[in-house]
Amino acid sequence: MDIRPRPRPRRSALYMPATNAKAIAKARTLPCDVVILDLEDAVAPAAKHDARAAAVAAVGEGGFGRRELVIRVNALSTAVGVAAWGEEDCRALVAARPDAVLIPKVDDARAVAAYRALLGDLPIWAMVETARAVLRLDDLAAAPGLAALVVGTNDLAKELRATPGRDRLPFHGFLAQTVAAARAHGLAAIDGVCNAIDDVDGFAAECDQGARFGFDGKTLIHPSQIAPCNGAFSPTAAAIAWARRVVAAFAAPAAADHGVIRVDGAMVERLHWEQAHQTLAIARAIAGE
Ligand code: COA
Ligand code: MG
């Protein structure tokens with residue numbers, strides 16, 4: 001019997017401003033795995049209070065089914081004069097209890113601890129979007145209370161003065177490092193957004209790239225991005241069939257004493273058996289089994 005914790009599909013995480021009531025209503029019917037209500041950069045300063053109230057109300061109303069409901073708060077360090085936004089967000093969410101709280105612009109584990117002091121045992125997801133975070137990924141990912149890393153490519157491009165382009169070349173090292181940090185500390189890894197809503201081919205390529213880097217899924221900004229994203233981050237029928245063949249091959253009596261065997265003309269080791277189990281587990285979770 002497999003006693004490992006069942007993986008949770010996080011293929012598609014759709015952002016929307018918490019002020020957009022229509023989008024929140026729509027999100028309850030969309031096929032995304034995660035809904036992220038934003039209180040931070042997608043909300044104008046004058047609307048911060050209303051956004052917080054709307055997010056708390058949405059958590060209370062529920063209706064999101066299997067989707068995880070995550071709220072992105074303002075930074076605790078928000079500029080002079082408005083420093084209380086992040087803190088008030090956190091205090092409101094401790095009572096509302098969404099599935100997780102996404103914290104922005106953190107540089108390291110110490111910064112995460114400041115949120116944890118306010119959020120208690122609520123799972124924390126951290127944006128990876130500052131130059132300092134890129135340099136301290138291992139420390140950041142080790143922060144107690146953290147469950148996921150979420151790449152913030154827009155802020156990072158701004159900080160680094162990088163021009164990502166369609167292939168995201170300036171980010172390749174950082175994307176790989178983020179996945180490594182997440183895996184090293186047992187966290188989910190979710191890729192950044194693609195701003196080009198109408199660039200269907202570019203978006204598909206970016207999803208495929210994120211999946212190849214090893215991300216569990218991708219953050220999204222528009223409902224039209226959900227279906228292609230879910231496709232890119234789901235195991236293919238061929239991958240599922242291969243996983244079944246590997247599991248069956250190792251279960252056969254002839255393989256009992258073998259660490260390495262031949263399946264479909266290729267070498268397969270016990271590590272591939274583990275990988276096959278992971279593929280089948282995520283496929284079952286996606287199917288809702
Ligand atoms: N979540 C849920 N529903 C959304 C949505 C989203 N992120 N973006 C658009 N929709 C809905 C619209 O409400 C509209 O619904 P309707 O057909 O029932 O009227 C439909 O999808 C089509 O929307 P569209 O007209 O194509 O979008 P737009 O041009 O009005 O808005 C954006 C474009 C980018 C402003 C909008 O998609 C958005 O706010 N995205 C999220 C931004 C965000 O949260 N950023 C923070 C993290 S980077
Ligand atoms: Mg950001």
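Remember, it's 1-based here, ligands and their atoms both numbered in the order they're listed. Heads up: numbering here begins at 1 and tracks the sequence.
The N, O or S atom of Glu129 with the smallest distance to the Mg ion (ligand 2) is OE1. Summary: OD2 is the N/O/S atom of Asp155 found nearest to the Mg ion (ligand 2).
A salt bridge (charged side-chain N to carboxylate O under 4.0 Å, His left out) with Asp41 is found for one member of Arg72, Lys105, Lys158 and no other, namely Lys105. Shown are Glu274, Arg270, Gln275; of these, the side chain to side chain contact (heavy atoms under 4.5 Å, CB included) with His272 is made only by Gln275. Among Arg166, Gln225, Lys218, the single residue meeting the side-chain hydrogen bond (donor to acceptor under 3.5 Å, both in side chains) criterion with Glu206 is Lys218.
Under the side-chain hydrogen bond (donor to acceptor under 3.5 Å, both in side chains) criterion, Thr29 pairs with no residue at all, not counting sequence neighbours.
Residues Tyr115 and Val106 meet the side-chain proximity criterion, which asks for heavy atoms closer than 4.5 Å.
Put simply, Glu40 stays out of reach of the Mg ion (ligand 2), with no N, O or S atom under 2.8 Å from it. Because the distance cut-off is set at 2.8 Å, Asp41 fails to qualify as a neighbour of the Mg ion (ligand 2), as none of its N, O or S atoms comes that close.
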TODO: Evaluate the side-chain hydrogen bond (donor to acceptor under 3.5 Å, both in side chains) criterion for residues His172 and Asp167: first the C-alpha distance (whole Å), next the side-chain angles of each, then the deciding distance (0.1 Å), finally the verdict.
DONE: CA-CA 9 Å; His172 286 186; Asp167 62 1; 5.3 Å; no

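Using a cutoff of 4.0 Å between basic side-chain nitrogens and carboxylate oxygens, Asp33 and Arg11 are scored as salt-bridged.
Arg168 places no side-chain N or O within donor-acceptor distance of the main-chain N or O of Thr153, the cut-off being under 3.5 Å.
For a heavy-atom separation below 4.0 Å, the residues in contact with ligand 1 are Leu14, Tyr15, Met16, Pro17, Lys22, Ala23, Lys26, Asp38, Ala42, Arg72, Ile197, Ile221, His222, Pro223.
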